[in-house]
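Input: a single structure, listed below in structure tokens.
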Number of protein chains: 2
Amino acid sequence: MDDKSEERGGGLEPVNSTDRRVRADAQRNSKALLEAAMAVFAASGVDAPVREIADKAGVGVGTLYRHFPQRSDLIVAVFRNEVDACANAASAIAAEYEPGEALARWMQRYVDFIAAKRGLAAAFSSGDPAYESLPLYFLEKLRPALQTLLDAATEAGDVRSDVDAKELLFAIARLCSPDRYGGGPDQARRMVGLLVDGLRYGAASVG
Amino acid sequence: MDDKSEERGGGLEPVNSTDRRVRADAQRNSKALLEAAMAVFAASGVDAPVREIADKAGVGVGTLYRHFPQRSDLIVAVFRNEVDACANAASAIAAEYEPGEALARWMQRYVDFIAAKRGLAAAFSSGDPAYESLPLYFLEKLRPALQTLLDAATEAGDVRSDVDAKELLFAIARLCSPDRYGGGPDQARRMVGLLVDGLRYGAASVG
DNA sequence: TTGATAAACGGAACGATGTTCCGTATAAAA
DNA sequence: TTTTATACGGAACATCGTTCCGTTTATCAA
């Protein structure tokens with residue numbers, strides 16, 4: 001199928017469209033930039049200057065723009081990365097706790113994620129087309145993760161079965177939204193805790 | 001009480017803390033800037049450059065910054081101005097229509113206001129302390145306005161009586177929020193229309 | 001191992017923006 | 001009219017996102 005290459009046996013290394021491998025320093029820098037951006041965004045918010053990120057990663061701004069042609073690309077990359085981390089946490093938690101407890105713990109993990117991303121949420125709904133794809137990515141990654149936990153907890157009789165994963169994700173996100181002025185990040189935790197208790201309560205009638 | 005002034009008899013003109021009147025050109029320019037900002041924000045969003053506003057008002061940027069020391073001050077001023085306009089519309093509408101119809105018409109007016117201010121809503125929840133006072137102002141102006149309309153409509157038997165003005169304001173604002181991707185500004189109108197019909201339906205059981 | 005070369009790098013430079021500064025113009029008071 | 005506090009205008013500054021290009025370097029072929 002490929003007209004010009006069957007060179008390296010193990011296709012483990014990322015290759016360019018032509019032939020050559022992706023240079024090692026490029027990979028290193030890309031990773032360093034992503035991690036620096038994560039740290040800087042967490043510390044100073046999404047409005048932090050790109051130069052600060054480049055400095056923290058130990059590269060020039062030219063390099064930063066080679067890997068992330070626009071500022072929003074960096075934001076999007078960080079967001080997707082953290083969505084992935086949150087989704088992946090589901091299976092790790094499921095392996096360690098029994099179903100009901102796993103569900104509760106993952107939901108608190110999800111609350112932390114939402115709370116940390118409050119600054120981004122504002123950017124998303126600001127109409128910038130650069131962020132259009134994010135809500136879909138968000139849903140496609142997190143819904144299956146939560147659904148798996150829900151199914152397991154339901155089958156174990158720990159929670160009721162008439163809850164939709166998508167609705168639950170949105171409901172929690174809204175509980176974390178700062179609409180009610182007053183009540184800090186603890187309030188969100190308490191409200192979500194109540195929600196989880198509500199799920200458990202419903203399971204009692206099933207036995 | 002005032003150790004140095006009892007000069008002008010009719011205190012109709014705005015005065016400075018010392019003695020002198022506020023200059024006429026200053027008043028003119030302040031008003032022109034506010035109107036220009038309203039127009040520019042509506043046309044190009046809240047991220048429009050201040051120079052564009054100064055140009056439209058026919059003044060220099062120095063003058064703009066004399067009246068509104070920070071960019072956010074201009075945004076806040078426009079917002080408060082439009083909150084006032086929306087609140088004042090209540091009495092005007094109430095004078096022209098019967099209570100139930102007045103309520104319905106004002107709520108659509110409120111929807112237009114919320115929809116137009118979507119760009120600002122993002123800025124408010126971005127944590128900038130310059131906007132901290134706005135939600136309170138919003139509530140203190142609009143709640144009484146809606147409450148008056150609600151009371152009149154309730155007394156006329158047009159709507160049910162168990163609705164809270166504050167909750168209604170927030171509910172409508174959320175109906176207008178672009179969370180569900182898909183569904184434009186018409187959807188908000190339809191949903192609020194349903195809400196109003198719901199209010200009317202409840203009144204039937206009262207007679 | 002050693003050139004050759006495509007890829008990646010760094011950071012000065014550019015354009016746009018929010019904000020400040022200060023010499024000039026002017027409305028209000030004497 | 002003269003005086004003076006006030007306001008004006010717009011050049012200048014600091015900072016941002018982004019581009020450009022001469023220089024460095026990792027990879028490949030010999």
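Quantities reported herein were computed from a predicted structural model and do not represent experimental measurements. Just so it is clear: chains get the letters A, B, ... in the order the sequence lines come, proteins before strands, and each one is counted from 1.
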| query | Within this structure, what is the CD1-to-P distance between Ile53(A) and dT18(D), rounded to whole angstrom? | reply | 11 Å
| field | Separation of atom CZ in Phe68(B) from atom P in dG18(C), rounded to whole Å | value | 15 Å
| Atom of Tyr97(A), atom of Ala102(A) and distance for their closest heavy-atom approach | CB-N, 3.9 Å
Has [X] got a side-chain N or O lying under 4.0 Å from the OP1 or OP2 atom of [N]?
X: Arg23(A); N: dA7(C); value: no
X: Asn29(B); N: dC8(D); value: yes
X: Gln70(A); N: dG17(D); value: no
X: Arg21(B); N: dA27(C); value: no
X: Thr63(A); N: dG10(C); value: yes
X: His67(A); N: dA8(C); value: no
X: Arg66(B); N: dA7(D); value: yes

| field | Ring geometry between Phe138(A) and Phe113(A) (parallel below 30°, tilted from 30 to 60°, perpendicular above 60°) | value | parallel
| Salt bridge or not for Asp164(B) and Lys166(B), using N-O below 4.0 Å? | no
| Of the nucleotides dA28(C), dG17(D), dT20(C), which one has an atom closest to the side chain of Tyr65(B)? | dT20(C)
| message | In the structure I gave you, are the side-chain heavy atoms of Glu35(A) and Ser30(A) within less than 4.5 Å of one another anywhere? | response | no
| task | Begin with the C-alpha distance, continue with both residues' side-chain angles, and end with the deciding distance and a verdict on side-chain hydrogen bond (donor to acceptor under 3.5 Å, both in side chains) for Asp151(B) and Gln147(B). | result | CA-CA 6 Å; Asp151(B) 289 347; Gln147(B) 190 65 64; 3.1 Å; yes
| task | Compute whether any side-chain donor of one residue and acceptor of the other, for Tyr137(B) and Asp84(B), lie under 3.5 angstrom apart. | result | yes
| message | Would you say that more than 12 heavy atoms from the other residues, nucleotides or ligands in this model lie under 6.0 Å from the CD of Glu155(A), or not? | response | no
Identify each atom pair where a protein N or O and an N or O of nucleotides 13-15 of chain D are less than 3.5 Å apart, giving names and distance.
none

| Nearest-nucleotide 5' precedence on DNA chain C, Gly58(A) against Asp25(B) | Gly58(A)
